[in-house]
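Taking it in order: structure first as structure tokens, then the write-up.
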Amino acid sequence: MKLLVVADIHYSLKQYDWLITRASHFDCLVIAGDLLDLGGGLDRDVQAVAVSQYLAKLSKLTKVLVCSGNHDGNWKNRYNELEARWLQKARYDGVQVDGDSLKMGDNLISIYPWWGGEVAQKKLSEQMAIDAKRPRDKWIWIYHRPPSESPVSWSGKHDWGEAFIRNCIDVYSPDIVFSGHVHQSPFVIDGAWNDQIGKTWVFNTGREPGYLPTHMIFDTESESITWFCSDDQDTISLSV
């Protein structure tokens, strides 16, 4: 099985167009948050309509798994916490989104939302505890913000990782975490696109402008992941 993994598209329609041309070559497409762009000038609800149409097209080409990021919230719940309500509607087009956990082969993939407050964080913790009891070979998390104290969260000046997710990794030891959020990490000194915390591999695709999104290809048979940017690529083996 081969997975194509991206994050931080930020309403770049040319990068969504690239995904349309490539998606059918893979068994699964993972988008690890920030599908929209708060600084893009267009209202988030307008962006959400266009991106929802892309997700519907992509879901006809391959299985699509998407988590929300900090740019994706468009609705405040009764606790005054921001949620990506628009993304939930993508389920009608067969897209797996925030809150879903699914088996692909013998692997369990859990999709965790960007949390905007204590209530959402508690709900996320409860979902992790439930997922931890489910049978699987490997456990894969899709969550937008990388863990703190890792090169995948280093911007060159600051650690933008999340202590909560770092603690969750320490407790549950998932096999793989796919994230984004910190665009610079793969390109700066002391940053990286991959790291290992205990037995957990964590990944951050990074972000570049242009037609080609930075992305990863995960081959579950060879247990290798290759990272691609505009002028470079790198491969690691998870079985080492």
* **Val97 and Leu55, any side-chain heavy atoms less than 4.5 Å apart** => no
* Examine Val64 and Val6 and state if one hydrophobic cluster contains both, with Ile, Leu, Val, Met, Phe, Trp and Tyr joined whenever side-chain heavy atoms are less than 4.5 Å apart. => yes
* Is Ile217 reachable from Val66 through a run of I, L, V, M, F, W or Y residues, each pair having side-chain heavy atoms under 4.5 Å apart? -> yes
* Can you check ring pair (Phe, Tyr, Trp, His ring centres under 6.0 Å) on Phe187 and Trp227, steps first, answer last? -> CA-CA 12 Å; Phe187 308 107; Trp227 173 78; 5.7 Å; yes
* Asked: Is the backbone of Glu223 close enough, under 3.5 Å, to the side chain of Ser239 for a donor and an acceptor to pair up by distance?
  -> no
* To do: Could you tell me which non-hydrogen atom of Gln127 sits nearest to which non-hydrogen atom of Gly99, and how far apart they are?
  => NE2-O, 3.2 Å
* Any salt bridge (Lys or Arg N to Asp or Glu O under 4.0 Å) pairs touching residues 174-196, not counting sequence neighbours? -> Asp175-Lys199
* Asked: Atom CG in Asn194, atom OG1 in Thr205: separation rounded to 0.5 Å?
  -> 12.5 Å
* **Heavy-atom side-chain proximity of Leu36 to Trp86 below 4.5 angstrom** => yes
* Structure fact -> For Leu65 and Ile109, the nearest pair of non-hydrogen atoms, with its separation, is CD2-CG2, 3.5 Å
* Evaluate the salt bridge (Lys or Arg N to Asp or Glu O under 4.0 Å) criterion for residues Glu126 and Lys122: first the C-alpha distance (whole Å), next the side-chain angles of each, then the deciding distance (0.1 Å), finally the verdict. => CA-CA 6 Å; Glu126 291 170 349; Lys122 183 174 183 286; 2.7 Å; yes
* When rounded to the nearest 0.5 angstrom, what distance separates CZ in Arg134 from OG in Ser101? -> 5.5 Å
* Structure fact -> Heavy atoms of Asp45 and Asp43 approach each other most closely as N-OD2, 2.8 Å
* N-O pairing of Asp100 and Arg91 below 4.0 Å -> yes
* To do: Could you tell me whether a side-chain N or O of Gln121 sits under 3.5 Å from a main-chain N or O of Trp115, the two making a donor and an acceptor?
  => no
* Determine yes or no for a side-chain-to-main-chain donor-acceptor pair under 3.5 angstrom, with Thr62 supplying the side chain and Ser24 the backbone. => no
* To do: Indicate yes or no for a side-chain donor-acceptor contact from Ser59 to the backbone of Gly94 under 3.5 Å, with no hydrogens or angles considered.
  => no
* Asked: Any Lys/Arg nitrogen of Lys123 or Glu81 sitting under 4.0 Å from an Asp/Glu carboxylate oxygen of the other?
  -> no
* Asked: Going hydrophobic residue to hydrophobic residue with side-chain gaps under 4.5 angstrom, can you get from Leu58 over to Val51?
  -> yes
* Asked: When you measure from the side chain of Tyr16 to the backbone N and O of Leu35, does any donor-acceptor pair fall under 3.5 Å?
  -> yes
* Asked: Is there a donor-acceptor pair closer than 3.5 Å between any side-chain N or O of Ser153 and the backbone N or O of Pro146?
  -> no
* Asked: Using a side-chain heavy atom cutoff under 4.5 Å and only I, L, V, M, F, W and Y, what cluster partners does Trp154 have?
  -> Val188
* What distance separates Leu13 CG from Tyr211 OH, expressed to the nearest 0.5 Å? -> 12.5 Å
* Asked: Should Ile176 and Ile165 be counted in the same cluster of Ile, Leu, Val, Met, Phe, Trp and Tyr side chains packed under 4.5 Å apart?
  -> no
* Looking only at heavy atoms, what is the nearest atom pair of Cys229 and Thr214, with distance? -> CB-CG2, 3.8 Å
* Phe164 and Trp114 aromatic centres sub-6.0 Å -> no
* Asked: Out of curiosity, Lys63 NZ to Leu3 CG, how far, rounded to the nearest 0.5 Å?
  -> 11.0 Å
* To do: May I have the step-by-step check of side-chain contact (heavy atoms from CB on, under 4.5 Å) for Leu238 and Phe218, ending in yes or no?
  => CA-CA 10 Å; Leu238 305 189; Phe218 175 28; 3.9 Å; yes
* If only atom types and distance count, is the side chain of Glu83 paired as donor or acceptor with the main-chain N or O of Asn77 below 3.5 Å? -> no
* Asked: Hey, does the side chain of Glu208 reach the backbone of Ser230 with a donor-acceptor pair shorter than 3.5 angstrom?
  -> yes
* Just wondering, are more than 12 heavy atoms of other shown residues or ligands nearer than 6.0 Å to CH2 in Trp18? -> yes
* To do: Determine, using the 4.5 Å side-chain heavy-atom cutoff (strictly less than), whether Leu108 and Val30 are members of one ILVMFWY cluster.
  => no
Return a table of donor-acceptor pairs under 3.5 angstrom between the side chains of residues 177-184 and protein atoms on other chains or two or more places apart.
residue: Ser179; atom: OG; partner: Phe203; partner atom: O; Å: 2.7
residue: His181; atom: ND1; partner: Asn70; partner atom: OD1; Å: 3.2
residue: His181; atom: ND1; partner: His144; partner atom: NE2; Å: 3.2
residue: His183; atom: NE2; partner: Asp8; partner atom: OD1; Å: 3.4
residue: His183; atom: NE2; partner: His10; partner atom: NE2; Å: 3.2

* Please step through side-chain contact (heavy atoms from CB on, under 4.5 Å) for the pair Tyr112 and Asp131, ending with a clear verdict. => CA-CA 11 Å; Tyr112 295 134; Asp131 290 345; 2.9 Å; yes
* Residues Leu4, Leu19; criterion side-chain contact (heavy atoms from CB on, under 4.5 Å); working and verdict -> CA-CA 9 Å; Leu4 175 62; Leu19 291 177; 4.0 Å; yes
* Which atom pair, heavy atoms only, marks the closest approach of Met1 to Asn107? -> CE-ND2, 4.3 Å
* When you check the side-chain N and O atoms of Ser224 and Asp219, is any donor under 3.5 Å from an acceptor? -> no
* Asked: Should His71 and Tyr11 count as side-chain neighbours, where that means a heavy-atom distance under 4.5 Å?
  -> no
* Please check if any side-chain donor atom of Asp234 sits under 3.5 Å from a side-chain acceptor atom of Trp193, or the reverse. => yes
* **Note, Lys89 side chain near Ser52 side chain (heavy atom, < 4.5 Å)** => no
* **Donor on one side chain, acceptor on other, Gln88 and Trp75, under 3.5 Å** => no
* Asked: Is the backbone of Ser68 close enough, under 3.5 Å, to the side chain of Asp98 for a donor and an acceptor to pair up by distance?
  -> yes
* Can you measure from CG (Asn74) to CD (Gln47) and round to the nearest 0.5 angstrom? => 10.5 Å
* To do: Without swapping roles, check the side chain of Gln233 against the backbone of Thr226 for a donor-acceptor pair under 3.5 Å.
  => no
* Asked: Going through the distances and angles, do Trp139 and Ser110 end up as a side-chain contact (heavy atoms from CB on, under 4.5 Å)?
  -> CA-CA 8 Å; Trp139 191 10; Ser110 298; 2.9 Å; yes
* Tell me, yes or no, whether the heavy-atom count around Lys103 atom NZ, taken from other residues, nucleotides or ligands under 6.0 Å, exceeds 12. => yes
* **Leu124 and Tyr143, any side-chain heavy atoms less than 4.5 Å apart** => yes
* OG1-CD1 distance between Thr200 and Ile140, expressed to the nearest 0.5 angstrom -> 12.0 Å
* To do: Begin with the C-alpha distance, continue with both residues' side-chain angles, and end with the deciding distance and a verdict on side-chain hydrogen bond (donor to acceptor under 3.5 Å, both in side chains) for Ser148 and Asp159.
  => CA-CA 7 Å; Ser148 59; Asp159 181 346; 5.1 Å; no
* Structure fact -> Heavy atoms of Ser125 and Tyr172 approach each other most closely as O-OH, 4.3 Å
